[in-house]
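Scroll down for the structure; my scribbles are underneath it.
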There are 2 protein chains.
Amino acid sequence: MAITIKDVAKAANVAPSTVSRVISDSRHISEKTKKKVRQVMNELGYHTNLNARGLVQQSTKTLGVVLKYSESDAWKLGNLFVSEVLQGISAHCQQHGYSIMITTGSTEEEIYKDVGRMVQGKQVDGIIVLYAKKNDKVVPFLLEKAIPFSVVGKPMERMNEIMFVDNDNMQAAKDATEFLIHRNHSRIGFIGDNPTFQVIQDRVEGYYKALEEHGIRRDASYVKFVHTPEEEGAVVEEFLIMEAKPTALVISTPLQGVGVLKALHKRGVHVPDEISLVVFNKTLITEMSIPVLTSIDTEAFQLGYEASRGVVELINNPDTFKRSVIIPAKIEPRESHRKLTKDNSSVINVTME
Amino acid sequence: MAITIKDVAKAANVAPSTVSRVISDSRHISEKTKKKVRQVMNELGYHTNLNARGLVQQSTKTLGVVLKYSESDAWKLGNLFVSEVLQGISAHCQQHGYSIMITTGSTEEEIYKDVGRMVQGKQVDGIIVLYAKKNDKVVPFLLEKAIPFSVVGKPMERMNEIMFVDNDNMQAAKDATEFLIHRNHSRIGFIGDNPTFQVIQDRVEGYYKALEEHGIRRDASYVKFVHTPEEEGAVVEEFLIMEAKPTALVISTPLQGVGVLKALHKRGVHVPDEISLVVFNKTLITEMSIPVLTSIDTEAFQLGYEASRGVVELINNPDTFKRSVIIPAKIEPRESHRKLTKDNSSVINVTME
DNA sequence: CAAAATAAAGCAAACGTTTGCATGAAATTT
DNA sequence: AAATTTCATGCAAACGTTTGCTTTATTTTG
C-alpha cells in the first residue's frame, strides 16, 4: 500500500489535517512545520491520492472530451482536425492543471454511455463536445444535467444556452469565394459533403452571398454535393462537360480537395492553370499535396483552446455568461489557384501572387 | 447533491450494502430484492460515484496513455500514426470497460509530471507509452514503481522486463527491399530520418540484409539520412547526379515520401516510370498522394489494440509473462512502383501488377 | 498584569462506496 | 423436532482525503 497522509502525519509528529494544510499551503501553518512536513513527504515519497481528494472536494480537475462519432472515412478526415483541436485543449488543460479523459466509444450509443459514466460517475468536472450534429443526445443530456460544457462547432438548437466555439463558416466561404472573384474568376463552383450539416449550409450561403455582392448570378448547377467517398470523379465530370465550365472551385474538405485533384489529374486538367481550387481546413493533407492546396485555415488548435477555456470558466463560475467564440478563418494562399486576366481568357502563363 | 447509495437504500428500505450488492449483481441477494432496488435506482436516477468506488477498490478502470513528446513536425507526422494507435487502444478499452486518460504535456518534463500524477495519484490502473525513445525517464519510473504498463515501439533497454508491441522493422525493411528486388530493381536507395533512432537502424539493417541475400553489394552512398524537414530536395539531388542512380527508393516516413515525391516532381522525374518509391507507414498521406504511394502498413490500430490488451492483462495478473508482441507489417502495393524488365533497361512502358 | 486577540495545530465528521463479519430466518438434514 | 446448513440481509469499518470547529499556546492590548 502506498504512503498516505497519515503516514506522513505520524512520521512528522503532526495531525493529518496539518499535513493536508501543508499540501494546500495554507497560511494557518507555520513555516517551520511546513518545512518539516515537506521534508518528511519527500523522504517517504508521498503523493496525494486524487481519488480521495476528488471524493471530498467533489471535483477531479479533469475534463471529458467527447470525440466525434466515427462513421467511415469522415472519421479519418476528422482525425487530423480532431487531433489538432485536441492539442489546443491539451495546451489549455496543461496550463490550468486539468487532466483529460476521452471517450472510447465508436458508436453513437457507446459514446453516449461514456458521457454518462464520466458525468454521473463524477469522473470529470466538465465536458467538451467535438462537435455538434443533429439528433444528438449528448448535448441535451448535458443541458438537462446542468453540467459545465462547451461545444466545438455550432449547436443545432438552444444556441444561447450553450457555450460554443466555431468559425464563422458563412463568412469564411464568402471570403474564399471573394478571394477567387478578386482574381477575376466568375464561374465558380462549390463542392460540399452532406448538405444536411449546418456547416455546409452556412458555407453554401456564404458562397452565394459573395457571388451576389459581386453581381454574379447564383446558379444551382454550380453547386454539387458529394455524398459517398470517391464520388468526386463523377462530380468533376459533371463540371467539365458543362458549356460554361467553372474556372475555380470552393471545396469543403481536404479529402474532397485531394479527390478532386486526382479526378482532374486523371482527366489531364491542370491545376491551377486550367482550374483553381480553394479548400476548407488547412491540414497536413492540403499542405502535402501537389500542388499545395490553397486553403482556409480554420485554426483547429485555437478552437480547442478556447473550448477548454470556456468549460473551465464555467466550472469555476457556473453563472458565467454562455458566450460563443467565433474564431476567424484565414485564407492560406498556396499553389492551387491562379489569377485570371480581366477578360477571363485562359492564359496559360501562370500569374500567382 | 446527487443521489447516493444511501438514498436508494432508504427509499428501497434496505441497507446500503444491499444496494451495493445489487449493483454488482451479487448472488447473495434475492431476485425479489434486486428487482425492487433496481426499480428504485431507476426512479431516483442513481449512478455510482466512481471516485468513491475507486477509493475503496484501489482501482479506477482507467488507462493512462502517454503521448509522444511533440517536437516540431515529427509530431504532425506522428499525429496520423498516433491517432490510429489511439483508436486501437480505444477499441480495446471500450470492450473491457476501461476509460482513457491522456497526457496533456507538450514538453518532456510536463509529460513526466503527468505520468507521475496519473500513477501516484491513483488515477489510472496502468499506462501505455507511445513510444520508446532513449534517455526516456518515463519507462524507468514505471519500472521502479512496478506499475503495469506496455510500450508501443521497442524499448531501448531492459527489454525482457517490459511488455511491448512493435513491428519487426528489420523484417519489414527487408520485405520492402525484396519487393523491389523481385521487380528487378538492383540499384535501390534508402532514405531515413534520424539514424540514432533504433527503428531506423533496424530498417537500414533489413534493407542491407535483403540486398546481400540477393547478391547485391551494399553501398553506403545509397543510404541517406534527412535530418531537417524539407531537406528531401537535397537528398534527391544527390541521388539524381549519381552515375548509377537508383531506380528505386525505400523511404522511412510518409512525410519524407511526399517530400521526395515533390522533389522528384519539381525536377521532372516521373514516378514510377523513372523511379519507384516504397514508403513506411500506410497513412492517409500515402493514400492521398498522386500517385498513391506503395507503402508498408505497420498496422497502427493493431499496435494500439495489443498494447492495451497487454496492460489490462498485466493489471489483472501482475505476474503475467511480459511478452512482446510483434505485429507483422504488410506491403500495400499501390502506384508508386513499377517492375523493371530483366535487363534493367528503362522501359517506359509501365508494367504494374 | 489580566483580558482579549491572534496564531498554530488537532479532532472528528464527512465524501460515497465496498466488503468481512454477524445476524436472523428459512430450508435441509439427522 | 432438534441440529445443521444455507440463504438473505444488515452492521460497521475501511479507503485517503478535506475542512469546520475546537483547543491550546502565544502575542498583543488596555
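Chain identifiers are assigned alphabetically (A, B, ...) following the order of the sequence lines, protein sequences preceding nucleic acid strands; residue numbering begins at 1 within each chain.
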Within-4.5 Å side-chain heavy-atom neighbours: B:N51 and A:Q123: no

Whole-Å distance separating the CD1 atom of A:I3 from the P atom of D:dG16: 11 Å

Straight-line distance of A:R21 CZ to A:S17 OG, nearest 0.5 Å: 5.0 Å

Rounded distance (Å) that lies between atom P of C:dT17 and atom NZ of B:K10: 13 Å

Among C:dG16, C:dA9, D:dT17, the nucleotide that comes nearest once only the side chain of B:A52 is considered: C:dG16

Interatomic distance, B:K122 NZ vs C:dT17 P [rounded to whole Å]: 22 Å

Polar side-chain atom of B:T62 near backbone of B:S99 as donor-acceptor pair, under 3.5 Å: no

Selection: residues 20-37 of chain B, any non-hydrogen atom under 4.0 Å of DNA chain C: B:S20, B:R21

Euclidean distance, atom CE of residue B:M41 to atom P of C:dG16 [Å, nearest integer]: 17 Å

5' precedence on DNA chain D between B:N13 and A:T48 (nearest-nucleotide basis): B:N13

Neighbour count >12 (heavy atoms, 6.0 Å) for atom NZ, A:K34: yes

Flag, side chain of A:Q120 to backbone of B:H47, donor-acceptor distance under 3.5 Å: no

Gap separating the OG1 atom of A:T48 from the CZ atom of B:R117, nearest 0.5 angstrom: 12.0 Å

Options C:dT18, D:dT19, C:dG16, nucleotide nearest the side-chain atoms of A:S17: D:dT19

Interatomic spacing from CZ in B:F149 to CD1 in B:I162 - rounded to 0.5 Å: 4.5 Å

A:N49 side-chain proximity, nearest of C:dG10, D:dT17, C:dT17: D:dT17

Donor-acceptor side-chain pairing of B:Q95 and B:Y305 below 3.5 angstrom: yes

Side-chain donor-acceptor contact under 3.5 Å, A:T33 with A:S30: yes

Terminal axis angle for the helix from C:dC1-D:dG30 to C:dT30-D:dA1, five pairs an end, nearest 10 degrees: 50°

Atom pair distance, as rounded to whole Å: CD in B:Q120 and C1' in D:dT17: 17 Å

Separation of D:dG16 P from A:R53 CZ (nearest whole Å): 15 Å

Given D:dT18, D:dG10, C:dG10, the nucleotide with the shortest approach to the side chain of B:T18: D:dG10

Nearest-neighbour nucleotide for the A:Q57 side chain, D:dT18, C:dT18, D:dG16 considered: D:dT18

B:L55 CG - C:dA14 P separation (whole Å): 17 Å

Nearest-angstrom distance from the residue atom NZ of A:K6 to C1' of D:dC15: 8 Å

Test: B:R309 and B:E306 ion pair at under 4.0 Å: yes

A:Q58 side chain near C:dG16 phosphate (N/O to OP1/OP2, under 4.0 Å): yes

